[in-house]
Amino acid sequence: MRAFQRIALLGSTGSIGESTLDVIARHPDRLGVFALSAFSRMEKLAEQAAATGAALVVVPDDAAADRFRQAWRGAGARPAIRVGAQALAEAAADPGCDTVVAAIVGAAGLPSSLAAARAGKRILLANKEALVAAGSLFMAAVRDNGAELLPIDSEHNAIFQCLPHGSRASAPTEPAAGVRRLIVTASGGPFRGRDPDTLHAVTPEQACAHPNWSMGRKISVDSATMVNKGLEVIEAHWLFAMPADRIEVVIHPQSVVHSMVEYHDGSVLAQLGQPDMRTPIAYGLGFPDRLQSGVGMLDLVRWGRLDFEAPDLRRFPCLGLCFDALRAGQGACIALNAANEVAVAAFLAGGLAYTRIAPVIAQALQWQAGRPSVTLGGLEDVLGLDAETRAHVLEWIGRAAA
């Protein structure tokens, strides 16, 4: 059994954060909370901090800190409050914690994830951007500083469970021995059966109505467009040192098979389970042990059948763009991610049609490919290209709207 873990949960008020706290509460003898962070929802953060006895909370600005103080109703001492992005990175590297759950959505989670890697922490990674935008940089930091990396996205966690490994998670530099390919499953989201010609008038509410998973609005839209699956392909490339042509995506609407690994001898190992994020989170928190997660037993008889189909790139053009970006290199992946975040935000705000998300990403990739080559050797370079892409995309969307 591992020693008692003190956990910094970054992004505690989102769906991943709440599921993580549920698992932690089931194991007070081996799991405790050191730090929590949130971007908004200060009342929820105050409630979580009081329930867990967190020593530290990190909030984005002074106004949020004031709202947290006003919301505090805890019986014990109020946690220390730190403010800003630098404080977030410092919390991830703080000696008071040994495990960091990186659950902040978007590029905002990249600096703190990298700080955790450089501090040699055990990292439970749910933030896609650490690998999509800075894969080589992040994996080198994990290797160079003796950090331990455990993916808790359901798909990557499933692949990890199906791969051979020892008692410690690593950052491989080549594919696992004997592995032929990785098969990443996708639900297909709410529009799997829709005629692509009918999607132009899709509303944010329709795009966020995922049939299987309860998620935040941004990731729900990413699931509808299948950008999330393309980002997961890029993540899988870095996590498992797997070339793009050995990663396949299949649509599996029941979301029972979370992903598969095919070996050279023809064997295919799959990880199955309820569509509940507490399973991969509990696996990451307990590894190499397995912890009770609160998830019920899987009743295959009730499911009756499990279906698989190839994704239609006419319905899901963003998936093809993600493969294009992976093959083009890190700069293209940064541009892809930044453009998608801007486009999804515009769609959710009512300023962009759903079917314009893919053209915005395609234009950003074309813009990035036409720029002079730049060196992406550090976090500042990555964040610089990310900011340039966002500015370009916002301007392009504005011109198109005009």
Can we say [X] and [Y] salt-bridge, meaning some charged N sits less than 4.0 Å from an Asp/Glu carboxylate O?
X: D197; Y: R315; answer: no
X: K121; Y: D98; answer: no
X: R181; Y: D245; answer: no
X: D289; Y: R30; answer: yes
X: E43; Y: R67; answer: no
X: R73; Y: E47; answer: no
X: D312; Y: R314; answer: no

Nearest non-hydrogen partners of [X] and [Y], listed with the distance:
X: S113; Y: F138; result: O-CE1, 3.4 Å
X: A89; Y: P111; result: CB-O, 4.3 Å
X: A332; Y: A328; result: CB-CB, 3.7 Å
X: A325; Y: C333; result: O-SG, 3.6 Å
X: E129; Y: V105; result: OE1-C, 4.4 Å
X: P151; Y: N157; result: O-ND2, 3.0 Å

Got a sec: does the [atom1] of [X] have more than 12 other heavy atoms crowding it under 6.0 Å?
X: E309; atom1: CD; result: yes
X: E205; atom1: CD; result: yes
X: H264; atom1: NE2; result: yes
X: F39; atom1: CZ; result: no

Check the pair I397, V360 against side-chain contact (heavy atoms from CB on, under 4.5 Å), reporting the backbone distance first and the verdict last.
CA-CA 8 Å; I397 290 175; V360 167; 4.0 Å; yes
Using ring centroids (six-membered ring only for Trp), state whether F191 and F316 fall under 6.0 Å.
no
Can the ring centroids of F240 and F160 be said to lie less than 6.0 angstrom from one another?
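So the answer is no for these two rings.
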Are [X] and [Y] packed together at the side-chain level, in the sense that at least one heavy-atom pair is separated by less than 4.5 angstrom?
X: E18; Y: L21; result: no
X: L313; Y: L319; result: yes
X: E262; Y: V179; result: no
X: V233; Y: F323; result: yes
X: E148; Y: I123; result: no
X: L36; Y: T52; result: yes
X: C162; Y: M260; result: no
X: F34; Y: L9; result: no

I need the [X] [atom1] to [Y] [atom2] distance, nearest 0.5 Å.
X: T173; Y: R143; atom1: OG1; atom2: CZ; result: 6.5 Å
X: L383; Y: L376; atom1: CG; atom2: CG; result: 10.5 Å
X: L326; Y: L231; atom1: CG; atom2: CG; result: 11.0 Å
X: D307; Y: H252; atom1: CG; atom2: NE2; result: 8.0 Å
X: S112; Y: I104; atom1: OG; atom2: CD1; result: 4.0 Å
X: K229; Y: S187; atom1: NZ; atom2: OG; result: 6.5 Å

Looking at residues at least two apart in the chain, or sitting in another chain, which of them share a side-chain contact (heavy atoms from CB on, under 4.5 Å) with D299?
V301, R302
With salt bridge (charged side-chain N to carboxylate O under 4.0 Å, His left out) as the test, would you mind laying out the steps for D265 and R180 before giving the verdict?
CA-CA 9 Å; D265 64 2; R180 178 186 290 164; over 6 Å; no
Assess, by modelled atom type and distance only, whether the side chains of [X] and [Y] contain a donor and an acceptor separated by less than 3.5 Å.
X: Q274; Y: D276; value: no
X: Q161; Y: R290; value: yes
X: S136; Y: Q330; value: yes

Sub-3.5 Å donor-acceptor pair from the side chain of [X] to the main-chain atoms of [Y], do we have one?
X: R122; Y: Q5; value: no
X: S267; Y: Y263; value: no
X: R41; Y: L45; value: no
X: N145; Y: A141; value: yes
X: N127; Y: A130; value: yes
X: T198; Y: D195; value: yes
X: H237; Y: I247; value: no
X: H156; Y: L239; value: no
X: S259; Y: A158; value: no
X: N337; Y: I334; value: no

Please assess K218 against E341 for the test side-chain contact (heavy atoms from CB on, under 4.5 Å), listing each intermediate value before the final yes or no.
CA-CA 8 Å; K218 192 267 181 183; E341 286 193 20; 3.9 Å; yes
side-chain contact (heavy atoms from CB on, under 4.5 Å), that's the test. Do V261 and V268 meet it? Break it down for me.
CA-CA 6 Å; V261 174; V268 177; over 6 Å; no
W303: what forms a ring-ring contact (aromatic ring centres under 6.0 Å, His included) with it, not counting sequence neighbours?
none
Do D94 and R82 pass the salt bridge (charged side-chain N to carboxylate O under 4.0 Å, His left out) test, and can you show the C-alpha distance, the side-chain angles, and the key distance before you say yes or no?
CA-CA 12 Å; D94 196 294; R82 297 181 187 170; 3.6 Å; yes
Pair V227, I361 - check side-chain contact (heavy atoms from CB on, under 4.5 Å), show working.
CA-CA 10 Å; V227 157; I361 295 172; 4.0 Å; yes
